[in-house]
Amino acid sequence: MKKKIFCLLFCSLLPLLAVKAQDNPFHTSHRSVYEFLDEMSNLHLIELNSAIKPYSRIFVVEKLNEIENQKDKLNKVQQKELKFHLLEFNIENNAPKSDYKINILPKREHSNICLYPLGGYFSNKWFKLAIKPIWGGELYAYSFHDGIAYRYWGGGEMTGYIGKHFAFYVHVTDNSQSKPMSTPEKLTQMQGAILKGQTENTDFFNVRGGASFSWKWGSIGLVKDNITWGNAYNGTNILSGRTLPYAMIKLKINPVEWFEYNYFHAALASNVIDSNASYTINNRVQRTVMRDKYMAAAMLTFRPIKNLYFNIGNSVVYSDVGFQFLYLVPFMFYKAVDDNYNASSNNAGHNTQMFFDISCRNLKYVHFYTSLFIDEISFKRMFDKNKQSNYISWKAGFCFSGLPKTFSLTFEYTRTNPNTYQHFIPTTAFTSGDVNLGHYLGSNAEEYFCQLGYRPVPRLSLKASYTYIRKGTDYIYGIGEPWGLPFMDNVIFYNHITTLKIEWEWMNNCFVYTHLYHYKTKGDTGTVEKYNPAYMQKTSGIPLVLMVGVNIGL
C-alpha cells in the first residue's frame, strides 16, 4: 500500500520535474541590465511586473532572449547592448565555448576561466557553476580643498544550479569607509549598515546567499537577500532594499499569466537589547543578547490586460513572542490575524501595514506608476485634521524612454506623512538594524526627482538629475500626542541636489564612473550632520562634490 502511495505521488510530480525551472535572484545593483529591461518594456518588446524585485537570473535571460528574437526593432546601440548583456548569462543560456573570451582553459570541454566575462565557469548537463571576483572603490572630493572621503569593498560571488530545479548562490563583500556614510539616519540611498569597530565604526560585511527549488509555475527558497517592492526610479516607498540583507523563507507562484503571488517570512535585526537574556561572564564580560524580530509579507499581482499590473499586499512586523507559525499561512490579512490573537490590548499586538501599487505601460514609450504604503489610517477620522492618523507614504511618477533613440526622461514625487514607518514599540518598528525598510527619507518628508538620461554609444550612460528634499519635524512615535500631526508644519531640513553622472560598463558588471554633485542644504548644524553624509555637510562656499569610482563585479 505504501509503495502504491509513493508511486502515485511520484507520478503526480512528474509534470513538474519534467520542466526546466530555477531561481537565483539577480540583484538590483546590476543597474544597467535592469534599466535596459525597463526600456524594452516601455517599447512593448517584453512585459515586466517591475513592482517585484529582484528578478531571477533565469527570468532575465528569458526576457533578453525574447528581445533577441525581435532585435530588428532595436537601434544599433540597443542591439550591441543586448549582445553584451547576454554574456552575463552564459551558463544559464548554455552558451558555446566561443562565448568565453581570453580563456586559459581552451581545451577543457566544460570548464572556462576567462577575462571576458570575468570569472571561472563550469557547465555540463546536470551541474553549472560560476565564480566571480568582486572589488571596488569610490573617492569623494568635496569643495576640492576641504577634504576627501572614500569607501572600498572586496569579495566574491558564486552562482550554481543542480539538475533542473535546484539553485544556490552566495555573495560576500567586506566594506570599509573612511567616514560614516551609510548609518541608518543618513538621507542617502547608499545601503544602510550595522557597522563594526571600536572607534569610528565604518566597516561592515554584506552577505547574500541561499538555495531554492523551482518548478514550472513557482519556487520556494531559503535565502538571505534584499527585497524591493514598489515601482520607483529613485527609491521605492514599500520595501526599498536599503537595509542589509535579511534571512527569509521565500515563496513565489505564478500559475497563470494574469496572477502572481509573492510571500516571504524573514528574521530582522532588532538592535534592541534583551536585558533578561543578557548576562555577565566572570564579572567582567557582558554578553549582550538582542530581542528577536520577524516580518511576514505578501503581495498579490493581477494583470487584467497586457502591460497593466495591479499589486496589493500587506505585512506584519512582530517581536517578543518567538517564531509564529500563524504567519506562515499564505494569503492572510495580517491585521485581522493579529487582532484575533492580541485585540485585548494594543500594547500586546504587533505592527501591520498595507500597500498598493499600479504600473501602466499601455501607452508605448511611457511607464506610469503609483504606489501607496499604509502604516495606519482611520477612515472615520481621516478628514479631521486634529484627530487623523493618516500614517501613509504615497509615490507617483512616469518614465518616458526610447524616443528619440536612447533618451529617457523620469519624474517622480514622494510624500510620506509623520509617524509612517515608525511604531511606539521599538522592536516592531518597520526597520532592520535601525535602517528603515521603506523610503530612504523616512517619515514627514517630501521629494521631487527629475532625471534626463542618454546613451550615446553602447554601455556609456549619461544622466543629469535634480532632487529636491524637504524634511519636517522628526516626530517620535510614542512621545507626545500621536493624532493630528501636521505634514511639514516646521521644515527642519532642505536639500537641493543637482547631479551629473557618467558611467561606462567596460566589461559585464565592471564600471568606471564619475558623479558631480552640486547641493544646497539648509538646516541647523546638528540636523545637517545627522542627515547628510560627511561629504555633503558644507553649508557655505561652493558646495560641490566630485566622486570617481571603479568596480569589478557587483
### Task
Show your reasoning for whether salt bridge (Lys or Arg N to Asp or Glu O under 4.0 Å) applies to Arg57 and Glu62.
CA-CA 9 Å; Arg57 293 181 63 88; Glu62 287 175 349; over 6 Å; no
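- Relative orientation of the Tyr468 and Tyr466 rings is parallel, given thresholds of 30° and 60° on the angle between their planes.
- Classification of the Phe26-Phe89 ring pair by plane angle, with boundaries at 30° and 60°, yields tilted.
- In this structure, the side chain of Asn551 engages the main chain of Asn509 through a donor-acceptor pair within 3.5 Å.
- Side-chain N/O atoms of Asn42 and Arg361 include a donor and acceptor closer than 3.5 Å.
- Under the 4.5 Å side-chain criterion, counting only non-hydrogen atoms from C-beta, Leu74 is in contact with Leu45.
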Please report, to 0.1 Å, the donor-acceptor pairs under 3.5 Å made by any side chain of residues 248-255, with sequence neighbours excluded.
from: Asn254; atom 1: ND2; to: Val256; atom 2: O; distance (Å): 2.8
from: Asn254; atom 1: ND2; to: Phe259; atom 2: O; distance (Å): 2.6

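- A salt bridge links Glu503 with Arg31: the distance from a Lys NZ or Arg NE/NH1/NH2 to an Asp or Glu carboxylate oxygen falls below 4.0 Å.
- Aromatic ring pairs are classed by plane angle as parallel below 30°, tilted from 30° to 60° and perpendicular above 60°; the pair Tyr246 and Phe264 is tilted.
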### Query
Taking it one step at a time, do His515 and Thr499 satisfy side-chain hydrogen bond (donor to acceptor under 3.5 Å, both in side chains)?
CA-CA 7 Å; His515 299 174; Thr499 307; over 6 Å; no
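- Nearest approach of Pro184 to Arg242, heavy atoms of both residues: O-NH1, 3.7 Å.
- Considering all non-hydrogen atoms of both residues, Val457 and Glu81 come closest at O-OE2, 4.4 Å.
- Exactly one residue among Trp126, Phe213, Trp215 makes a ring-ring contact (aromatic ring centres under 6.0 Å, His included) with His165. That residue is Phe213.
- Between the side chains of Asn124 and Glu109, not a single donor N or O lies within less than 3.5 Å of an accepting N or O.
- Side-chain atoms of Glu39 and Tyr365 include no donor-acceptor pair closer than 3.5 Å.
- Side-chain contact of Lys128 with Asn94: a donor-acceptor pair under 3.5 Å is present, judged by distance alone.
- There is a side-chain donor-acceptor pair under 3.5 Å between His367 and Ser359.
- The closest side-chain donor-acceptor pair between Glu412 and Tyr369 falls under 3.5 angstrom.
- Under the 4.5 Å side-chain criterion, counting only non-hydrogen atoms from C-beta, Val545 is not in contact with Leu516.
- Relative orientation of the Phe411 and Tyr448 rings is tilted, given thresholds of 30° and 60° on the angle between their planes.
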